[in-house]
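For reference, the structure discussed in these notes is given below.
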2 protein chains.
Amino acid sequence: MQDIPRATVGRLARYLQGLEELARSTVSSEDIAAAVGVNAAQVRRDLSYLGHQGVRGVGYDSESLRSAILREMGLIDTVGVAIVGAGHLGQALAGYRGFEDRGFLVAGLYDVDPDKVGTAIHDIPIRHIDQLLGDGRNGLFQIAIIATPAEAAHEVLARLADAGIRSILNFAPAVLRPPVSVEVRNVDLSTELQILSFYRSRK
Amino acid sequence: MQDIPRATVGRLARYLQGLEELARSTVSSEDIAAAVGVNAAQVRRDLSYLGHQGVRGVGYDSESLRSAILREMGLIDTVGVAIVGAGHLGQALAGYRGFEDRGFLVAGLYDVDPDKVGTAIHDIPIRHIDQLLGDGRNGLFQIAIIATPAEAAHEVLARLADAGIRSILNFAPAVLRPPVSVEVRNVDLSTELQILSFYRSRK
DNA sequence: CTCTGTGAAACACTTCACAGCG
DNA sequence: CGCTGTGAAGTGTTTCACAGAG
């Protein structure tokens, strides 16, 4: 199997939502494109990575396309996620509907604040960060999100790596240097605002 | 002046932070690259869009490089931002240090909840969403962030467009169809998690 | 005749590698 | 000599445009 471009992977789940919204038994690439707001050729190219799913002259069968996407993305079984840092961002992420829709289960929030530890947000328990290592090793989660202040991020990364977690999404504004076996993706909330602002001023 | 690639704009502010961390009067592209975690050739290419700022054999003068970046990005005067939706995400964004560091002033949070309206978060007042139109027209903000549930996003977009706001950052998981005069950038919090998860399972 | 699947071109961005300035 | 600035090559992604399946 050839490998699927990252950009495509990022869109597949959206096609799934688009299919749901359209709620038709057959859909064309145009339909999907309109529903999720991308180019139709893009949709066809993306879906072609799943093998031949469409019928020429007709379109795609919603139900089998749905299964094909789910299968390809490994969305069949749920992936456990730990959110480290139970501040506003951590809580926002814990309540984000998008995650469960896409096969993720937030297994726990981790924090150092004794007032928070022991409580729960959106039914997700807040545990002390010292439990991170044990919980990770016990397979409670496979992926972690760092939503702490920048100062704490390095320490958290080290603990996660220790716990054998190899996929980390970092929202803290810090430059992390992960060991080679760990993949860290950084999300900078201000970058997009920056870009928007920049081009606004020069049009 | 040729136009600067979006990817470059997204990095310029990080170089600024890197310069601050380094705290040296002269820095090389290698230094900056190491500080912010990118390739040195990338740094040189990015900085070359600002015109000749460096001295061959020596490096860049921190202070004048700093000014050049600030000038280029229009970070001289503060840009007002409205955050619509005072849920956890809105509150997290309101408290996000990164924004003020990069020349943005969060002018207000807007919500429909009467329990929230009239209070403040991080010294940012929460106003009723009906004030959005007037405040926007009065120039209180130039950019808006949508941090509402998906259902409310369309309505909010319409009001913002009405208020003359032409740059919008959307965190709601909804496909928005802005009028041509408005630029909307979508941030999907689960896309990155999706990508991470996908490649984790196939390594 | 419609709509997919895909070569090929276009585009955007990154990285290499090195000429040449100070 | 050390480092910038940049042609040129490389990589990843999008879009066009159309052959051909149904």
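Everything quoted here is computed from the prediction, not taken from an experiment. Throughout, protein chains are lettered first and strands after them, A, B, ... in sequence-line order, and every chain is numbered starting at 1.
When the P atom of C:dA17 is taken as reference, atom CD of B:E30 falls 14 Å away, rounded to whole Å. Rounded to whole Å, atom P of C:dC3 lies 9 Å from atom CG of A:D31. Rounded to whole Å, the distance from CD on B:Q42 to C1' on D:dT11 is 13 Å. Atom CD1 of B:I4 is separated from atom P of C:dT14 by 14 Å (rounded to the nearest Å). Between the CZ atom of A:R11 and the P atom of D:dG12 there is a distance of 15 Å, given to the nearest Å.
Counting heavy atoms from C-beta on, the side chains of B:N186 and A:E192 never come closer than 4.5 Å. Taking the side chain as every heavy atom from C-beta outward, A:Q53 and A:L47 never approach each other to under 4.5 Å.
Phosphate proximity of D:dT13 to A:N39: absent, as no side-chain N or O sits under 4.0 Å from OP1 or OP2. B:S29 has a side-chain polar atom (N or O) that falls below the 4.0 Å cut-off from OP1 or OP2 of D:dT4.
Looking at residues two or more places apart in sequence or on another chain, you find a salt bridge (Lys or Arg N to Asp or Glu O under 4.0 Å) between B:D101 and B:R97.
Remark: B:R14 does not engage B:D46 in a salt bridge, criterion side-chain N to carboxylate O under 4.0 Å.
Atom CG of A:N138 has more than 12 heavy atoms from other residues, nucleotides or ligands within 6.0 Å.
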Inset, instruction - Sugar-phosphate means primed atoms, P, OP1 and OP2; the rest is base. With that split, encode nucleotides 5-12 of chain C 5' to 3' as B, S or - using protein heavy atoms under 4.0 Å. - result: BBBB----
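Residue pairs meeting the side-chain hydrogen bond (donor to acceptor under 3.5 Å, both in side chains) criterion with at least one member in residues 83-93 of chain B, sequence neighbours excluded: A:H88-B:Q91, A:Q91-B:H88.
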